[in-house]
Amino acid sequence: MSFPWANEYKPSHPLMKWVDEKLPLPRFVYNAVGAGYPVPRNLNYFWNFGVLAGFCLVLQIVTGVILAMHYAPNALVAFDSTEHIMRDVNWGWMLRYAHANGASAFFVVVYLHIFRGFFFGSYKAPREMIWLLGVVIFLLMMATAFMGYVLPWGQMSFWGAKVITGLFGAIPVVGEPLQIWLLGGYAPDNASLNRFFSLHFLLPFVIAAVVILHIWALHIPGSSNPTGVEVKSESDTVPFHPYYTAKDGFGLGVFLILYCAMLFFLPNALGHPDNYIPANPMSTPAHIVPEWYFWPFYAILRAFTADFLFFPAKLMGVLAMFSAILVWFFLPWLDNSPVRSGHFRPLFRKFFYVLMVDVLVLGYCGGAPAAEPYVMISQIATAYYFLHFLVILPIVSSIEKPEPLPYSITEAVLGSDDKAALAPAS
Amino acid sequence: MTRLIGILVGLFFTVAVLWAFATGAANYIAEPPAATAESVYHRHPKELHLQSDGPFGTFDKQQLQRGFQVYKEVCSACHSLSHVAFRDLAALGYNEAEVKAIAAGFQVPGIDPNTGETTTRAGMPTDYFPKPYPNDIAARAANNNAVPPDLSLMTKARHEGPAYVYSLLTGFQAQPAALVKQFPEAKTPAGLHYNPYFANLNLAMAPPLTSTDQVSYGDGTKATVDQMAQDVAAFLVWTAEPKLEKRRQTGWPVLGFLLFATVLAYLAKQQVWAGKKDKKKA
């Protein structure tokens, strides 16, 4: 499971020896995120975001559990109880802003983590399972975040819930009964709010469980690295602790500065003003928009404005929106270039940057009103999105001539590797 | 095989969305979206500067007291302030006796201790501001079929909230003749009032602040319409977020600490990695 040169856990204190015999939990931690886990020595700062995502999950669970002690999941009082937290609960305003902005921070670091994976080919063999579990985590995060946004029971909560559950209504035959079953009624109401609260409390713990699987799967091949060249010898690695605990500590500091600047000085910048209006089923907001982290997918949903063959426009939009994420599951098999890192893939690299811009454009259009020119721009961007993953990547990976790779990580870092001279030329 | 199916699925979505694009573009050329009265005449809020703006902003308690006075004497006739309790007014600089006196000036719903019948009684500091109407139907009946919204969160519930409140209160005017000429169907209906800062240009609220010295300020400030509008906007910033000052006062030491801790973390990282320096760059 690990490299043969990994440090071994050797408890010296009698108590720790005793614990190690009965339940080797300290040994487990030592091997997982301690000195017993050898990690490539050349990781750049893009490798900080996994740890930061883990931090965000813990932050959300801690603030969320405390908020749940003061929040009342009932359609009659949910909005007022949220304001009660803001005004009368000691430090309640800080907890709520920490939780709301924590969700945004979580998505920022996870999006960077995912794009790190796109660029450096982290999804490729032997790391497919890590990637698949990562996509599962992302889907769970989206469900959790969506249901969390419903809880304050403001206008955007209500209408967002109505639009998103309405998507299931587009499914042929079973759509309408399914939608009613999901909501527990014909429109979002107390039954919906209660189940959303229940699931919003449950899912983070499911996420935590899948995160454990994600890290377990990571420890079998070990971490990837910016060259994409696999670890060959001990000189390619350093122990996770203290090298990467120190580096992640610095990364966490930078993250916390940005996060706290938002929390204390711009806490509502990423929210929508309409959610400070209590939910009103009789009054539809002028523009219903989800939170920013859903904008790219919302743009894809709205891009399908015309019926196609025998697919109604709404169904096409729903299929496309879900496919836009599900396509990530197939990434390890769509891109079969033997080279992992974008640093050595000149053609892939160009398309990667186009994809990055494309997703930002989709995000901008998703947050804009459903009017021209945004709809037309999002249609072009949506076309590129699907072309990129499903057509361009498979073709590029077949026709591209990658640049020469370094012999080893050590050579990439130090400029030479003594063992390279002994190895047969490749 | 995976890639072949992938390419087919990818082309399916691409063709479908490009078909939607072509249809949309054809419609757009055939029938370009027409201008509406709102798209031409709706205006962005005016500039408003308050002492509570910016990362160092604090509340101007004198101004909040004046704004409260405007709310009490003008707005409260129709608008509730349901998230604010009288006890909260201590934050505006009123002492305990003053808060008690203000609360006692309001009649709040109560229960007769002898009969159990609902009644009203003088407010106490623990009470919340009473609602002006018993329910939405009564509110609609009295206001041209519109419910006056609660004001507690108003400055957070609109884009550029404080400037919006200020602009709306000072933005009432006669409907421009050019507007009616261009969009005859957009003529302000009877009973509504034209205001370019309101999303659909016509609102049920009559201009509430109409003349100088409509309220008489105790601190000698001249109560012009503009001044009263600014003061009530400032007051509503406070009602929407009474913890605003505390939030910023907490934020600065937190950022200071984090900056210090991050510098230490950086130095620790440099020291740990000293032996593993990238020799190519050295």
Side-chain angles (χ1 to χ4, degrees), chain A residues 41-42 80 83 86-87 93-94 97 238 242-243 246-247 249-250 252-254 256-257 260-261 263-265 267-268 273-278 286 303-306 308-309 311 313 316 319-320 323 327 330 333-334 336 371-372 375-376 379-380 382-383 386-387 389-391 394-395 413-415, chain B residues 2-4 6-25 28 33 55 82-84 88 149-150 152-154 156-159 161 199 240-243 246-248 250-252 254-255 258-259 261-266 268-269 271-273 276 278-280:
Chain A
R41 62 189 289 172
N42 60 334
D80 291 347
E83 274 309 308
M86 293 297 288
R87 289 157 194 268
W93 58 270
M94 190 169 82
Y97 281 151
V238 291
Y243 288 95
K247 195 167 176 175
F250 171 56
L252 182 65
V254 174
L256 282 175
I257 289 172
C260 286
L263 196 173
F264 289 104
F265 297 100
N268 292 309
D274 278 18
N275 227 27
Y276 280 109
I277 305 170
F304 292 80
T305 49
F308 182 65
L309 304 177
F311 293 92
M316 272 310 296
L319 283 177
S323 304
V327 68
F330 299 93
W333 298 279
L334 289 168
N336 74 331
E372 301 301 352
V375 176
M376 284 196 215
Q379 284 164 338
I380 300 295
T382 301
F386 283 104
L387 279 180
F389 284 107
L390 290 163
V391 180
I395 294 175
V413 176
L414 299 181
Chain B
T2 313
R3 275 172 290 145
L4 195 66
I7 289 174
L8 289 175
V9 172
L11 289 175
F12 170 72
F13 281 119
T14 308
V15 172
V17 78
L18 290 179
W19 169 249
F21 174 80
T23 322
Y28 190 81
S82 54
H83 293 291
V84 182
D88 296 331
D150 186 86
S152 321
L153 286 160
M154 189 49 74
K156 275 158 82 177
R158 297 289 182 278
H159 289 284
E241 185 128 3
K243 302 292 167 68
K246 191 179 181 190
R247 169 156 65 75
R248 289 173 185 157
T250 313
W252 286 114
V254 167
L255 284 186
L258 284 174
L259 209 60
T262 304
V263 168
L264 286 187
Y266 179 73
K269 184 232 135 198
Q271 187 159 2
V272 166
W273 281 84
K276 296 280 177 189
D278 180 345
K279 287 187 184 141
K280 263 200 306 195

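Within every chain, numbering begins at 1; the chains are lettered A, B, ... in the order of the sequence lines, protein sequences first and strands thereafter.
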Select one option (side chain, backbone, both, neither) describing which atoms of [X] are under 4.5 Å from chain A's heavy atoms.
X: B:T23; value: side chain
X: B:V9; value: both
X: B:A16; value: both
X: B:L259; value: both

Checking [X] against chain B: side chain, backbone, both or neither under 4.5 Å from a heavy atom?
X: A:D80; value: both
X: A:V327; value: neither
X: A:L252; value: neither

Find the distance between [atom1] ([X]) and [atom2] ([Y]) and round it off to the nearest 0.5 Å.
X: A:I395; Y: B:I7; atom1: CD1; atom2: CD1; value: 4.5 Å
X: B:F13; Y: A:F389; atom1: CZ; atom2: CZ; value: 13.5 Å
X: A:D274; Y: B:K156; atom1: CG; atom2: NZ; value: 14.0 Å

Sequence-distant partners of A:E83, salt bridge (charged side-chain N to carboxylate O under 4.0 Å, His left out), two or more places apart: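 Only A:R87 meet the salt bridge (charged side-chain N to carboxylate O under 4.0 Å, His left out) criterion with A:E83.
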Is a donor on one side and an acceptor on the other found under 3.5 Å between the side chain of A:W333 and the backbone of B:R3?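 Checking the backbone N and O of B:R3 against the side chain of A:W333, no donor-acceptor pair under 3.5 Å is found.
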B:F21: ring-ring contact (aromatic ring centres under 6.0 Å, His included) partners, not counting sequence neighbours: none
